[in-house]
Trainee: 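Handing you a structure now.
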Amino acid sequence: LLSGTAIFGGLVAYRAREAALAAEATASSVNTFLMEDVLRVDRTVERPQVDTYRATLDRAASKVGSRFADRPDAAATIHWLLGRRYQEIEQIDAAVNQYEQAAALNLRIHGPTASQTLLARERLAGIYVDHGRRVEALQIIEELLSYWTASGREDLEALIWRARLGRTLLYGGDPPKAERS
């Protein structure tokens, strides 16, 4: 019995270490991408042209797929971050595109109920609400609510998600459904 407990403990420690190493590798590759592909100045040009912020984001977005073909977790994180930046400068179509790519990658990697997938989908619903695309927003919200209802979770993360979805429903024009969420 004692050796079984020790083996189990070792397995848990090994998995925790592997998860930490994977997270570190993702953070390192995201950092390298931002430093080398997004913020890098081409010193071979005498007077480099000053890019607009949108052009910088577009250039970075065009490189994510090829640069991170072997690291879909890093690509998903970068797509999500680019979506936020595009959203901040009100480039809604570009933001939607980035969030959709983040959601698709996270769905493939982590599944439909993973926090990463849900966060990207919730961002899309929020954009749709803010820009009068109520039907699309409500479709996503219904999907997200069904995941949480089916999960039966009552932890802090679940409560935070229910509050986010309630806010989106409220601003999306469905106060009764917002109250039930």
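In what follows, every heavy atom counts, from backbone to side chain, and hydrogens, waters and symmetry copies are set aside.
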Trainee: Taking side chain as C-beta onward, heavy atoms only, is Ile89 less than 4.5 Å from Leu57?
Mentor: yes
Trainee: Report whether Leu118 and Val96 are members of the same hydrophobic cluster (ILVMFWY, side-chain heavy atoms less than 4.5 Å apart, transitive linking).
Mentor: yes
Trainee: Do Phe68 and Thr26 have side-chain heavy atoms sitting under 4.5 Å apart?
Mentor: no
Trainee: Name the residue from Ile92, Asp58, Asp93 that meets the side-chain contact (heavy atoms from CB on, under 4.5 Å) definition with Tyr86.
Mentor: Asp58
Trainee: Are side-chain heavy atoms of Gln98 and Gln87 found at a separation under 4.5 Å?
Mentor: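 They are not in side-chain contact.
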Trainee: Does atom CD of Glu90 have more than 12 heavy-atom neighbours, drawn from other residues, nucleotides or ligands, at distances under 6.0 Å?
Mentor: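 Not buried by this count: 12 neighbours or fewer within 6.0 Å.
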Trainee: If you apply the rule side chain to side chain contact (heavy atoms under 4.5 Å, CB included), what do you find for Gln116 with Trp80, and how did you get there?
Mentor: CA-CA 9 Å; Gln116 301 94 320; Trp80 193 87; over 6 Å; no
Trainee: Is Ile109 reachable from Leu82 through a run of hydrophobic residues whose side-chain heavy atoms are each under 4.5 Å from the next?
Mentor: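 Leu82 and Ile109: separate clusters.
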Trainee: I need the minimum non-hydrogen distance between Ile127 and Ala95, along with the two atoms involved.
Mentor: CD1-CB, 4.0 Å
Trainee: What I want to check is whether the side chains of Tyr128 and Gln139 have a donor and an acceptor closer together than 3.5 Å.
Mentor: no
Trainee: Do Leu81 and Leu124 sit in the same hydrophobic cluster, where Ile, Leu, Val, Met, Phe, Trp and Tyr count as joined when their side-chain heavy atoms come under 4.5 Å apart?
Mentor: yes
Trainee: With rounding to the nearest 0.5 angstrom, report the OG1 to CZ distance, Thr77 to Arg71.
Mentor: 9.0 Å
Trainee: For a quick test of reading the model, state the closest non-hydrogen atom pair linking Arg121 to Ala103 and the distance between them.
Mentor: CD-CB, 3.9 Å
Trainee: Working to the nearest 0.5 angstrom, can you tell me the gap between Leu119 CG and Asn106 CG?
Mentor: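 Going from CG on Leu119 over to CG on Asn106, the span is 9.0 Å.
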